[in-house]
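For the numbers below, each heavy atom of this structure counts, side chains included, while hydrogens, waters and symmetry mates do not.
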Amino acid sequence: TQKRERKEGLCTACSKIDFEQFDSRNNITLGEQGGDGQLSHKLIFLDRILRKKRKGTCNFCSLIFDAIAEHDPFEHPAVKDYLPPELVSSNFREWAEGLDWLQHIPIHKPPYPFGRSRDNVDLEQKLQGGEVVVGGITSAEQVDPNDIAQGASLAAAAGLTAGIWNETDKQRLQIMATVGTIIPTVTSFVANLDAKLPVAVSIIIHNASDKDAGLLNIDVWGYGNAPRAPLSRLSTFNLRIASSYRNINGGLQYGKLLQQDIDIEGDCKRWLDNCLEHHGQDCDEPSWWNELQPPSGPHFRLIDVYTMRIVQIDMANLRKQAKPKYAALSYVWGAAGNLALNLHVRNLESLSSQLEGQSPPIAKTIRDAIGVTRRIGLQYIWVDSLCIIQKDDRYEDDPDARASQIEQMDSIFGHAAVTLIAADGLDAEAGLCGISTRPVRNQIARAIRPNVNVLLAVKYNNTYGKWDTRAWTLQEKLLSKRMLIFNGGVCKIKHTWDGAPVLLRSPFFTEYANLLSQYTGRNMTDSRDSLIPLGHTLYGLPEKFLDLALLWHPPAVKGVHLTKRAHDYLPSWSWTAWEIGKDPDYHPDTKKEYYTQPGVRFEEPFWVSTNDDLSLKKVSARNTDNKKPAEERFKPLVMWYRNSRPPPPQATLRGLQNTAGLGNGSAQEAPLSLVPVNGHGLGLAFDPADEEALRRLREDAVRLRTNTISNPLIDLGPPSVPANIPIDNRHLVCETQVARFRLRQTKPRQETLWKPSTKRGQGLIVDTELIIPEAEILDSSDEIVGRVIPTDQRKGLSSALYDFILLSESQYWGNEDRVDVSGLPLFNVMFVEWDTRGEFASRLGVGKVQKSAWWAAKPTREVVILK
């Protein structure tokens with residue numbers, strides 16, 4: 001009877017699954033009814049899957065085995081933390097394929113990873129209150145059901161409560177109660193009194209009439225070897241009936257067998273069309289996009305992919321409907337990019353007529369991208385090497401044209417309909433994987449029945465190769481509205497009870513800090529390029545938040561360091577002057593071909609919590625339910641001034657004479673004039689409504705400069721700087737206090753950021769562990785009065801006195817014995833060294849020092865020029 005019930009290529013159990021409803025020859029539209037409840041389910045025990053896989057008699061069991069191996073149950077803590085010693089270094093596949101198949105029941109031969117019991121264990125699933133509880137019940141009832149249920153709630157695992165279950169969750173509620181209906185008996189699991197605990201695989205099938213038709217939800221249920229271990233979901237994943245992409249109620253049905261060549265028209269074009277049709281302004285005109293002007297000017301060019309020539313288009317002078325949709329290409333140049341066809345003044349006229357037949361030819365990646373653009377139905381593509389006039393030392397050059405386009409890179413990528421990303425290309429000649437180069441396919445799929453293929457979704461690498469390590473590509477990645485990846489503002493104020501202004505972390509600065517951490521961890525061919533993508537800043541620091549931005553730190557990761565760049569062009573007070581490296585002894589990842597590094601960081605704003613002993617705990621503001629912005633625990637104190645004169649020509653950026661934020665005019669014509677940052681000198685911008693807060697903060701800043709209580713509305717003017725000192729826009733000037741202290745090297749300090757636990761009653765748990773390299777600041781009695789974080793911690797410290805300049809006020813070290821700190825008892829300071837003439841100060845690090853120790857050091861008031 002069982003043989004008659006078996007279908008070819010399937011075992012008896014799998015033959016009961018109605019795969020024929022998905023036969024591609026039936027000409028049905030999957031999910032056309034769009035209903036819920038069109039589900040069925042099966043449960044198969046693991047020993048059957050292993051035996052059928054070994055014998056090769058069931059295609060579906062073989063597929064499930066391979067899928068389980070990809071979502072390895074050995075990685076689940078219930079199994080991993082209690083593996084027998086013989087299996088500690090093994091994975092599921094190695095264990096299963098190493099079983100002795102001469103045994104009648106090979107799964108029972110030790111060592112066994114899924115637990116033992118002296119009782120016959122069935123699997124039961126039941127509803128208790130508002131939770132779905134999955135439990136194992138012994139025949140002898142020797143295990144307390146409360147112990148079994150503890151930690152084994154499906155609702156907790158799936159994030160559900162009874163009121164919001166969908167049909168799939170209801171099926172998961174019922175499926176374990178079907179033990180014995182699919183497999184006639186579970187007695188095969190009880191070979192002796194020392195029985196191995198069963199492992200079951202549940203399958204929920206979304207039938208042809210369901211809105212998720214063709215989806216198969218797979219859960220692997222079992223135990224570990226811990227004493228009285230609860231039943232756990234050891235692995236969960238989805239399989240899918242392979243099909244073409246079908247548009248159902250504005251969505252896409254996924255599940256396709258991958259071919260060697262990417263189906264641009266059938267896949268990529270359909271994705272783009274679906275987004276354009278159904279996502280509307282969410283993707284086409286996101287909120288940040290409204291303030292982004294379209295690319296414009298006489299030097300904005302695109303490639304016409306049909307006529308194969310470079311065309312000039314002034315998007316700013318076209319009506320919205322007349323603006324052409326275009327693609328943009330983001331890729332890695334490499335050395336090959338310089339050897340391929342590039343746009344220059346000398347060949348501009350020729351390339352405006354025809355790109356084909358040129359020497360050298362178009363780079364392979366660019367040619368592939370042109371073809372893809374044509375196939376997805378767009379007429380134009382923007383490629384930097386052919387749309388921006390490249391530097392040419394041998395012939396006529398046009399740096400102004402080049403600068404005009406580099407300055408609007410944000411607009412170019414932000415207005416592109418789609419960005420094509422050559423993620424795994426090493427250089428411009430690599431081509432697009434799946435277009436001109438053949439990718440390696442590792443898709444797990446099986447033909448289960450004639451014209452019915454089932455597949456496991458491909459695991460894609462969430463890092464995008466060399467492309468994702470380059471500094472230039474971060475801007476392109478962040479500003480793209482859509483990406484087709486080829487890869488196999490102001491300071492808000494609140495007031496305390498006494499009316500003193502309290503500064504809150506701005507969402508803008510939060511985002512800036514996040515992006516900076518990513519950007520500075522990337523690589524660039526020419527380190528002088530570190531500034532180009534960050535126009536409208538003071539060498540990468542936002543003027544509106546200058547006082548905060550000056551407090552950047554090196555990465556708080558063991559083995560990661562900052563080093564001053566080889567050239568002296570970029571200012572030491574800016575992170576752009578420093579580059580990041582890793583010590584391979586601490587970071588094995590550095591031995592890999594591509595990796596992203598931790599970038600520069602800022603101290604995170606935090607909420608103050610206490611231990612039982614009232615000592616301070618810093619609770620990360622980003623991981624709490626409190627929606628209010630966290631306090632900065634900082635107050636500006638110094639008035640900053642800058643000059644608009646550009647640096648000498650020999651120090652300019654790769655042909656860029658005037659980049660946004662780097663001043664205007666030439667060195668010959670720009671007069672020496674110092675202007676206050678943000679119009680008032682404080683390194684923070686304020687809303688007009690915060691005029692009183694600004695007045696009080698300026699009052700303190702004026703007092704610092706004059707040592708008197710002065711009218712804060714009086715313009716003191718800039719500090720006096722001798723006319724023979726060559727100041728340009730790379731310098732920051734202030735009048736502040738300078739004090740001297742000795743330093744003592746110490747071991748890196750470990751600092752913990754906490755977050756509330758999601759588990760009731762557990763309190764705070766660790767969020768982030770920081771390893772902070774720092775030195776102790778010592779007073780004349782060798783008492784520790786502060787700490788400083790050196791920018792380059794690899795440099796040694798002497799016993800000499802070091803100079804510190806006063807920056808701002810601060811509240812906490814971060815590890816106080818008590819949290820009841822009154823006011824702002826600390827100063828933020830910068831550790832500096834002077835040039836040989838004593839005119840310019842360079843940053844060596846930033847830190848904090850006690851105010852009382854600062855005054856005791858008898859600081860002097862001086863004009864400081866940071867370089």
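For the pair Leu550 and Leu732, the minimum side-chain heavy-atom distance is below 4.5 Å. Contact of the Glu603 side chain with the Val846 side chain is not registered, since no non-hydrogen atoms from C-beta on lie closer than 4.5 Å. Residues Pro295 and Trp382 form no side-chain contact, since every pair of their non-hydrogen atoms from C-beta on lies 4.5 Å or further apart. Looking only at side-chain heavy atoms (C-beta outward), Leu318 and Pro324 come within less than 4.5 Å of each other. Residues Ile412 and Asp384 are not in side-chain contact: their nearest non-hydrogen atoms beyond the backbone lie 4.5 Å or more apart. Counting only heavy atoms from C-beta outward, the side chains of Trp333 and Asn342 approach each other to under 4.5 Å. In this structure, the side chains of Tyr331 and Leu432 stay at 4.5 Å or more apart for every pair of heavy atoms. Thr791 has its side chain within reach of Trp552: a pair of non-hydrogen atoms, C-beta onward, lies under 4.5 Å apart.
The backbone N or O of Ile388 lies less than 3.5 Å from a partner atom in the side chain of Gln390, making a donor-acceptor pair. Checked by atom type and distance alone, the side chain of His680 pairs as donor or acceptor with a backbone atom of Leu682 at under 3.5 Å. Of the possible polar contacts, none joining the Trp575 side chain to the Pro554 backbone as a donor-acceptor pair under 3.5 Å is found. Without hydrogens or angle criteria, Tyr539 side chain to Ser572 main chain gives no donor-acceptor distance under 3.5 Å. Not a single donor-acceptor pair under 3.5 Å links the side chain of Arg301 to the backbone N or O of Ile310. A donor-acceptor contact shorter than 3.5 Å is absent between the side chain of Asp427 and the backbone of Ala336. In this structure, the side chain of Arg601 does not engage the main chain of Pro555 through any donor-acceptor pair within 3.5 Å. Without hydrogens or angle criteria, Gln405 side chain to Cys387 main chain gives no donor-acceptor distance under 3.5 Å. Not one N or O on the side chain of Asn643 forms a donor-acceptor pair closer than 3.5 Å with the backbone of Leu674. Between the side chain of Glu543 and the backbone N or O of Leu538 there is no donor-acceptor pair closer than 3.5 Å.
The CE atom of Met315 lies 6.5 Å from the NZ atom of Lys323; values are rounded to the nearest 0.5 Å. Going from atom CG of Leu807 over to atom CG of Leu546 covers 10.0 Å, rounded to the nearest 0.5 Å. A distance of 11.0 Å separates CG in Leu378 from OH in Tyr380, rounded to the nearest 0.5 Å. With values rounded to the nearest 0.5 angstrom, Arg374 atom CZ is found 6.5 Å from Met308 atom CE. With rounding to the nearest 0.5 Å, the separation of CD1 in Ile303 from OG1 in Thr307 is 10.0 Å. Here the straight-line distance linking atom CD1 of Ile370 with atom CG of Leu386 works out to 7.0 Å at 0.5 Å rounding.
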I'd like to know whether Asp368 forms a side-chain contact (heavy atoms from CB on, under 4.5 Å) with Phe486, so could you lay out the CA-CA distance, the side-chain angles of the two residues, the decisive distance to 0.1 Å, and finally the verdict. CA-CA 11 Å; Asp368 286 354; Phe486 292 83; over 6 Å; no

Please walk me through it: do Gln358 and Asn347 pass side-chain contact (heavy atoms from CB on, under 4.5 Å)? CA-CA 10 Å; Gln358 300 287 340; Asn347 64 3; 5.6 Å; no

Chi angles and distances behind the side-chain contact (heavy atoms from CB on, under 4.5 Å) call for Glu277, Asp273: CA-CA 6 Å; Glu277 180 179 355; Asp273 290 345; 5.7 Å; no

Please walk me through it: do Asp304 and Gln379 pass side-chain contact (heavy atoms from CB on, under 4.5 Å)? CA-CA 6 Å; Asp304 188 322; Gln379 185 175 354; 2.9 Å; yes

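Summarising the geometry of Ser411 relative to Gln293, their closest heavy-atom pair is OG-O, 2.7 Å, with the distance given to 0.1 Å. In this structure, Leu341 and Ser385 approach most closely via the heavy-atom pair O-OG, 4.3 Å. Of all non-hydrogen atoms in Phe840 and Pro726, the two that sit nearest each other are CZ-O, 3.8 Å. Shown here for Phe602 and Ala549, the closest heavy-atom pair between the two residues is CE2-O, 3.4 Å. Phe300 approaches Ile313 most closely through the heavy-atom pair CD2-O, 3.0 Å. The shortest heavy-atom contact between Leu343 and Leu351 is CD1-CD1, 3.9 Å.
Cation-pi contact between Arg843 and Trp578: absent, since separation from the ring centre below 6.0 Å together with deviation from the ring axis within 45° is not met.
Around atom CD of Glu356, more than 12 heavy atoms belonging to other residues, nucleotides or ligands sit under 6.0 Å away. Other residues, nucleotides and ligands contribute at most 12 non-hydrogen atoms within 6.0 Å of the NZ atom of Lys325.
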